[in-house]
Amino acid sequence: MDVRLTSEQQQLRDAAAKLADDLGPGSVQDLADDTRLARLEKAVATTGWRSLRSDGASGVEVAIVAEEFGRGLVDIPFLGPVLADDLHRHVSDDQQTWAVALDGEATDARGLERALILSGNRISAGRVGAVVPGADLTRGFADILEPFEPLGELSTEHVERWHALAVLVTSADLVGTSRGAQALAVDYAKMREQYGNTIGSYQAVAHLLAESQALIEGSVSVLRHAAWALDQLTPGEAQQAARVAKIYCARAARTVCETAIQVHGGIGNTWECLAHVYLRRALTSTELFPVRLEEMHRGLS
């Protein structure tokens, strides 16, 4: 297994990172900036990244974009549409941007009109309804309205690989969220002074941040294996690799995000600090296509 990025994949990472840095929210107040959101939506739509799978992209490339978007708190639909694209490419050539429905709700559906539902091997479509309030301030969820329109069926192998992709993409988002929260905390520790020194110079803070960085490096390792496995191994093995990544990345992300709040001290518990936005996103991604320890040996072939 070679998990090194090709030059093209590194260019993709750089492009996704630049877009997230330039147009992602730099503050909690930016989340309500409709002008920024419109520019971000236009930029992402222009890239075509929401249809990566139908364009022949690998799991590695989808994970690259998902990770950078998580790091930059990109707050227009990507996760939902890229998963819907992987379903829709098997039943239609329609290039419409879709959300994907999960547990009766359209996931990551801000501004979208239609959502795909996978039930067993069957794909159907429904209309996106009213917005559903949620903890995540960067992704919208909505009701899914009946009647559902049947679109077709997938093979069992395609269904299993799609579930592996769904777990992989949410894991990648968790890794990116961890990286973003860590960068926020490190920048604050370099700037904030107490007793005449920056707080990052004190071991109590430095060790917390070092432990978070170690968790992030572990997350990157299991994520890269899962991304490689998606297209290179059997569906059962791909699912197993994705489950391992999800469990590790979810637990690591919660610790890293909570540590970022702690490093910020009192201000970390205020609405104005972005740290809670990272934590909210991490907790939401954990519960999207959740994985439990007791499932770890399920699906091997």
Side-chain angles (χ1 to χ4, degrees), residues 17 20-21 24-33 37 63 66-80 102 105 107-108 110 131-141 167 169-192 199-200 204-220 222-223 245-292:
D21 290 338
S27 67
V28 177
Q29 290 74 22
D30 283 348
L31 293 170
D33 185 344
L37 284 168
E67 182 182 338
E68 291 301 331
F69 278 16
R71 180 190 61 80
L73 292 176
V74 167
D75 48 342
I76 52 90
F78 173 74
L79 183 148
L102 179 66
E105 291 183 359
T107 300
D108 201 17
R110 176 185 287 169
V131 172
V132 176
D136 191 346
L137 302 180
T138 61
R139 290 177 294 201
F141 297 82
V167 176
V169 173
T170 53
S171 299
D173 189 84
L174 285 162
V175 173
T177 303
S178 296
R179 290 176 52 214
Q182 174 77 342
L184 187 74
V186 168
D187 287 346
Y188 185 78
K190 290 178 179 178
M191 174 272 296
R192 181 74 166 98
I199 62 173
V205 174
H207 285 183
L208 284 175
L209 293 173
E211 289 168 3
S212 288
Q213 190 61 41
L215 288 173
I216 291 171
E217 294 303 322
S219 298
V220 170
V222 292
L223 175 68
K246 185 62 177 282
I247 288 177
Y248 188 101
C249 295
R251 293 186 175 193
R254 178 165 183 166
T255 298
V256 171
C257 291
E258 289 179 345
T259 297
I261 292 174
Q262 184 176 355
V263 168
H264 278 81
I267 197 173
N269 292 287
T270 65
W271 179 262
E272 289 75 13
C273 181
L274 266 177
H276 74 90
V277 182
Y278 282 105
L279 178 60
R280 288 165 178 263
R281 183 162 177 142
L283 294 176
T284 302
S285 289
T286 297
E287 293 306 317
L288 290 174
F289 306 98
V291 177
R292 306 293 179 239

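Sequential numbering from 1 along the given sequence is applied to the chain's residues.
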Please table the atom pairs, donor to acceptor, closer than 3.5 Å between any side-chain atom in residues 259-272 and protein atoms at least two apart or in another chain.
unit_1 : atom_1 : unit_2 : atom_2 : d
Thr259 : OG1    : Thr255 : O      : 2.8
His264 : ND1    : Ala260 : O      : 2.8
Thr270 : OG1    : Ile267 : O      : 2.6

Worksheet entry | Test: Arg281 and Glu287 ion pair at under 4.0 Å | no
Fill in: Atom of Val175, atom of Cys249 and distance for their closest heavy-atom approach
CG2-SG, 3.5 Å
Worksheet entry | side-chain contact (heavy atoms from CB on, under 4.5 Å) partners of Gln182, counting only residues at least two apart | Val186, Leu209, Ser212, Gln213, Ile216, Val256
Discussion item. Determine whether Phe141 and Leu288 satisfy the following criterion, side-chain contact (heavy atoms from CB on, under 4.5 Å), listing intermediate values before the conclusion.
Written reply: CA-CA 12 Å; Phe141 297 82; Leu288 290 174; 4.0 Å; yes
Fill in: Test side-chain contact (heavy atoms from CB on, under 4.5 Å) applied to Asp187 - qualifying residues, sequence neighbours left out
none
Practice prompt. Considering non-hydrogen atoms only, spot the tightest contact between Ala20 and Val74 and give its length.
Written response: CB-CG2, 3.8 Å
Worksheet, complete the sentence: Here the gap from Ile76 atom CD1 to Leu37 atom CG, rounded to the nearest 0.5 Å, amounts to 8.5 Å
Discussion item. Return the OG1 to NZ distance between Thr286 and Lys246, rounded to the nearest 0.5 Å.
Written reply: 6.5 Å
Practice prompt. Could you check Asp136, Asp33, Val277, Thr138 and say which one makes a side chain to side chain contact (heavy atoms under 4.5 Å, CB included) with Asp75?
Written response: Thr138
Worksheet item: Which heavy atom in Ala172 sits nearest to a heavy atom in Ala63, and how many Å separate them?
Response: CB-O, 3.5 Å
Discussion item. Given 3.5 Å as the limit, does a donor-acceptor pair link the side chain of Tyr278 with the main chain of Arg71, or not?
Written reply: yes
Worksheet item: Atom OG in Ser171, atom CD in Glu67: separation rounded to 0.5 Å?
Response: 11.0 Å
Item to complete: Quick one: pull up OG1 in Thr284 and CG in Leu174 and give me the separation to the nearest 0.5 Å.
Response: 10.0 Å
Worksheet entry | Side-chain donor/acceptor of Asp108 to backbone N/O of Leu79, under 3.5 Å | yes
Discussion item. For a quick test of reading the model, state the closest non-hydrogen atom pair linking Gly26 to Leu274 and the distance between them.
Written reply: O-CD1, 3.5 Å
Worksheet entry | Derivation of the side-chain contact (heavy atoms from CB on, under 4.5 Å) call for Arg139 and Asp173 | CA-CA 12 Å; Arg139 290 177 294 201; Asp173 189 84; 3.5 Å; yes
Practice prompt. State, to 0.1 Å, how close Leu208 and Ala204 come at their nearest heavy-atom pair, and which atoms those are.
Written response: CG-O, 3.3 Å
